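Let me begin by presenting the structure, written as structure tokens, before commenting on it.
Note that the coordinates shown come from a computational prediction; the quantities given were computed from them, not determined experimentally. The figures that follow rest on heavy atoms only: side chains count, while hydrogens, waters and symmetry mates do not.
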Amino acid sequence: MKRDQSPVLPGDGPTDYARYMRTDELLDLQRRPEEMLHRDELLFQVVHQSAELWLKLAGAELTAAVARTEAADPLAATALLARATLAVRLVTDQLAMFGHLSPVDFQAMQPALGNGSGAESPGWRQVASVSRQLGRAFAEQLTARGDTLRTLPPGDPTHRLATAMIAWDEQVAQWRARHYQVALAVGGHRADGSPGSPATVLAKLTEHRFFPELRPTRPDTDLAAATHSRTAEA
């Protein structure tokens, strides 16, 4: 074990840990107590800022998975997608913190949020965009092989990638469902079915899937049609 703990990395901070992790900057990203309308702004910001970090990682892993899929390396793509899925599971799990935020307290702090919306999340937009890219890359590779989902044997690496893509879709759906529950419980949104209401929009999003053609209920889907559709969307 080193006796000399003097920092050797460039940058600010009393230790190399602080310099590498940039903790001074990281911990200064939240509103100060004197700026807060309500003390639970810290809880709200920490949950969302950490979610953006996990989504940044998920987006990076997805982007790499797209590259490996395009390179006909489904095993590597599967491993990368599993990492992205775990990142979103952690984003989902931390929503439990909002169980400690009452609707009354949220209303008190809401003016501090301005017109901000979770739909504006750069991390989420990146993840959604790259998920669509992954779907197109997978469809193109499957078509290039001359296969369909029905003809893929269960042990085939491409079949394993399809399974991982379904797991990714389901984890994102769980996140959306949990977010919907939080919006109803904390955000004051009413589940009245009104067209265009925030609750209605969130409820519909829980049903969305990036890769509906991979759903187990449709095992005989031929992705040639999906490839044409995704190319048109691009």
Side-chain angles (χ1 to χ4, degrees), residues 21-22 26 46-98 117-145 149 152 154-182 202 204-216 218 221 223 226-227 229-231 233-234:
M21 297 297 177
R22 300 174 68 174
L26 179 66
V46 167
V47 170
H48 283 85
Q49 288 179 347
S50 56
E52 291 295 340
L53 290 174
W54 284 119
L55 289 173
K56 181 177 182 178
L57 176 62
E61 304 294 8
L62 281 173
T63 299
V66 170
R68 297 322 306 158
T69 301
E70 293 174 340
D73 187 0
L75 284 178
T78 298
L80 291 161
L81 190 53
R83 292 166 62 145
T85 302
L86 177 56
V88 174
R89 193 185 87 186
L90 296 172
V91 171
T92 306
D93 289 346
Q94 69 182 17
L95 289 174
M97 284 298 300
F98 287 132
S117 166
E120 299 166 345
S121 161
W124 165 245
R125 290 184 175 184
Q126 170 73 1
V127 160
S129 175
V130 182
S131 292
R132 291 188 286 270
Q133 293 174 33
L134 177 61
R136 289 192 291 268
F138 179 84
E140 290 165 2
Q141 285 298 314
L142 195 58
T143 301
R145 287 179 41 153
L149 291 177
L152 281 176
D156 188 283
T158 300
H159 186 281
R160 293 175 61 183
L161 175 56
T163 301
M165 290 168 69
I166 293 171
W168 163 257
D169 238 354
E170 292 308 307
Q171 183 58 64
V172 171
Q174 290 179 34
W175 174 34
R176 283 171 156 157
R178 186 72 184 99
H179 183 256
Y180 172 65
Q181 294 167 357
V182 168
L202 288 173
K204 288 183 177 180
L205 285 175
T206 63
E207 301 172 3
H208 177 270
R209 297 295 186 274
F210 289 115
F211 320 118
E213 67 274 13
L214 300 184
R215 299 291 294 165
R218 300 174 60 189
T221 300
L223 288 196
T227 301
S229 174
R230 292 181 184 280
T231 303
E233 290 175 5

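The main-chain N or O of Arg209 is never found under 3.5 Å from a side-chain atom of Asp169 such that the two would form a donor-acceptor pair.
In terms of heavy atoms, Met165 sits closest to Gly135 at CE-CA, 4.2 Å.
Listed by first then second residue, pairs satisfying salt bridge (Lys or Arg N to Asp or Glu O under 4.0 Å) with a partner in residues 48-66 read Glu61-Arg83, not counting sequence neighbours.
Taking a 6.0 Å sphere around CZ of Arg160, one finds it holds 12 or fewer heavy atoms contributed by other residues, nucleotides or ligands. Atom CZ of Arg145 has more than 12 heavy atoms from other residues, nucleotides or ligands within 6.0 Å. Atom CH2 of Trp54 sits in a sparse spot, with 12 or fewer heavy atoms from other residues, nucleotides or ligands closer than 6.0 Å.
Side-chain atoms of Thr63 and Gln126, non-hydrogen and from C-beta on, do get closer than 4.5 Å to each other. Contact check for Trp168 versus Val127: side-chain heavy atoms found under the 4.5 Å cut-off.
His48 meets the ring pair (Phe, Tyr, Trp, His ring centres under 6.0 Å) test with Phe44, Phe98; sequence neighbours excluded.
One distance of note links CG of Leu81 with CG of Leu86; it measures 11.5 Å at 0.5 Å rounding.
Taking the six-membered ring where the residue is Trp, Trp124 and Phe210 present tilted rings, their angle falling between 30° and 60°.
Partner Met97 forms a side-chain contact (heavy atoms from CB on, under 4.5 Å) with one of Val46, Val182, Val47 and no other, that one being Val47.
Ion pair Arg125/Glu120 not flagged as a salt bridge, since none of the NZ, NE, NH1 or NH2 atoms sits closer than 4.0 Å to an Asp/Glu carboxylate oxygen.
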